[in-house]
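Quantities reported herein were computed from a predicted structural model and do not represent experimental measurements. Quick note on labels: first sequence line is chain A, next is B, and so on, each numbered from 1. As a basis for the values below, the full set of heavy atoms in this structure was taken, side chains included, without hydrogen atoms, waters or symmetry mates.
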Number of protein chains: 4
Amino acid sequence: MAGSVNKVILIGNLGADPEIRRTQDGRPIANLRIATSESWRDRNTGERKEKTEWHTVVIFNEGLCKVAEQYLRKGSTVYVEGQLQTRKWQDQSGQDRYSTEVVLQGFNSNLTMLGGRGEGGGQGAARGGDFGGGYGDDYGSPAPSRGGPSGNRGGSSAPSGGGFSRDMDDDIPF
Amino acid sequence: MAGSVNKVILIGNLGADPEIRRTQDGRPIANLRIATSESWRDRNTGERKEKTEWHTVVIFNEGLCKVAEQYLRKGSTVYVEGQLQTRKWQDQSGQDRYSTEVVLQGFNSNLTMLGGRGEGGGQGAARGGDFGGGYGDDYGSPAPSRGGPSGNRGGSSAPSGGGFSRDMDDDIPF
Amino acid sequence: MAGSVNKVILIGNLGADPEIRRTQDGRPIANLRIATSESWRDRNTGERKEKTEWHTVVIFNEGLCKVAEQYLRKGSTVYVEGQLQTRKWQDQSGQDRYSTEVVLQGFNSNLTMLGGRGEGGGQGAARGGDFGGGYGDDYGSPAPSRGGPSGNRGGSSAPSGGGFSRDMDDDIPF
Amino acid sequence: MAGSVNKVILIGNLGADPEIRRTQDGRPIANLRIATSESWRDRNTGERKEKTEWHTVVIFNEGLCKVAEQYLRKGSTVYVEGQLQTRKWQDQSGQDRYSTEVVLQGFNSNLTMLGGRGEGGGQGAARGGDFGGGYGDDYGSPAPSRGGPSGNRGGSSAPSGGGFSRDMDDDIPF
DNA sequence: TTTT
DNA sequence: TTTT
């Protein structure tokens, strides 16, 4: 299929601390439960109404798992960008069941902490620290401007001093 | 919750003609099944792999239901913008089940035909016709520039009385 | 053109208080300056680099202007969803100039405060309060579930008369 | 800044063939001019109105440059996902000027052909061919499902046969 | 300058 | 069940 897009963008709060587990070959997988909610005033009664939607987010991307583990806690506000995926499984009685999740994997995913009130405390407490646009300190840029802010790019116009000193390929932590 | 976002963007093809039904008070509801797919080359075997994901889209917005009914058919390519919603229901044995759908309702929804090869034929066949940025011909603009193309906004330049033919009110539940 | 999309999503901080002005017929227009920034570690030098991008956001939507006026201040963190528009104007010497802005107008726009450290103080200070998913308290829902939280939609289950207090019509120029 | 997002999503048509140039060190850069347009019916006059917006898209990502070069032509319909960037330059008279562009660079970018009627003909004609979800044939997956369709992932629940046979890291073409 |  |  030429030209398919499958994208989910959420901003919401974690209902619980992230759950991190590992595959048999040691790769981390993180699960988040995220609430988004909307409120409005009922036209007839004038009452304030609110509806909360819960989302399951599954993170396969190793760098983003680290972000989840280090920075996110119950109550944290996050920006999540991933894909919709429906997984088939069997319940105890052998019946087919389906679960739809927001999956973060590969290049078109993102996870960024937006603050919020994580329960904090201890060494692993959530903090609003800079983590490089969605990555831990040890990770490269998600999309730096080649040549920098005054970046003069391409063609014959020689970058003035700056230049394109680095290859983003190596900076992308997937 | 201050500042929640719940947004899904899909571009894909319809696996079947839209299904339209009506509520008791006459409002239309459309269901679409949309496939998105990705392909890649396996690192080890060099084989071409493909994975298709199926999405259920439910349209409550009346104008967008009309678009679905008039223009979309099995095979049509569409752009869809909506929200994730998980609905709880009971199966025959009384067990709780959950279904996650992409819901188009209210102001932050969109449905636009992008062409594709609907099965066509007959009076209702899909066509790549102009439908006003996601709306049927009888509908107004999704977001015209106040004051029109040469729209000169704000300040002293009074918008020249423009206006739009129709009230989307009925479709927008705020 | 069948099927065009023009969408910008920003999360960033206000570099200054919103500027509100009015058209001759009294409609408000708000201007925001929003910074987004990215940081990364330089591959060669190991230095931490950061680049900030500044965006001009213009709000024609009346409800969202109110949100800007009441809740946003220098330093506020916001989620913005709008469209790219390039405006042509003449400088003092009569030369054509172009400015590209993110425009919030019509149904596919959104503005939501995400917290942040507005400079606050006084009656109009920014606060992280709930403002209905991007709207002031007096505004309706951006996209409530027809029928409410337990909303059982379509078919025979008649939506229980719900409704919404206000007509966004004035803000939505279709 | 913790948690910044800068994202542009466009679907539109190319006003001209892509322009490809190269940096001094041989990296390709592609420029696209993309039109998005909206139409509506004027409420007062009943006339059909249309407004077209032109966008400049600059592609630094090498894989996406190849896609542009091989598949896109004047008239092609494309999906573009990138970032807003404003570049400062000096005109002949030495005055500061600014241009805002949609930049595709790094991991959160995408370019996908959606069909459309490129002018075609010759060896380089646009075609609706599969290019791997936005990448040329020689590139890996943008986001394959780890373990494949029946992929049962993580933890102690032994993947039934499947498993995590491959590392996406190597499949990402940046 | 595209597209419908 | 779509599409390439």
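Of the candidates dT4(F), dT2(F), dT1(E), the closest approach to any side-chain atom of Glu50(B) belongs to dT4(F). With dT1(E), dT1(F), dT2(F) as the candidates, the nucleotide lying closest to the side chain of Arg33(D) is dT1(E).
The NE2-C1' distance, from His55(B) to dT3(F), rounds to 13 Å in whole Å. Rounded to whole Å, atom C1' of dT2(E) lies 12 Å from atom CG of Asp17(D). Atom CD of Gln70(B) is separated from atom P of dT4(E) by 19 Å (rounded to the nearest Å). Taking atom CD1 of Ile11(B) as the reference point, atom P of dT4(F) lies 15 Å away to the nearest angstrom. Distance, Glu53(D) CD to dT2(E) P: 16 Å, rounded to whole Å. If you take OH of Tyr79(D) and P of dT3(E), they are 22 Å apart, rounded to a whole angstrom. Regarding Leu72(D), its CG atom lies at a distance of 20 Å from the P atom of dT1(E), rounded to whole Å. A straight line from CG of Leu32(D) to P of dT1(E) spans 18 Å, rounded to a whole angstrom.
Side-chain N/O atoms of Thr77(B) and Asn13(B) include a donor and acceptor closer than 3.5 Å.
The aromatic ring of Trp54(D) is stacked on the base of dT1(E), with the two ring centres less than 5.5 Å apart and the planes inclined by under 30°.
Every residue two or more places apart in sequence or in another chain that forms a side chain to side chain contact (heavy atoms under 4.5 Å, CB included) with Trp89(D) is listed here: Arg87(D), Asp91(D), Arg97(D), Ser99(D). Not counting sequence neighbours, the partners of Glu81(C) by the salt bridge (charged side-chain N to carboxylate O under 4.0 Å, His left out) test are Lys7(B), Lys7(C).
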Stepwise side-chain hydrogen bond (donor to acceptor under 3.5 Å, both in side chains) check, Ser4(C) with Ser37(D)
CA-CA 6 Å; Ser4(C) 199; Ser37(D) 82; 4.9 Å; no
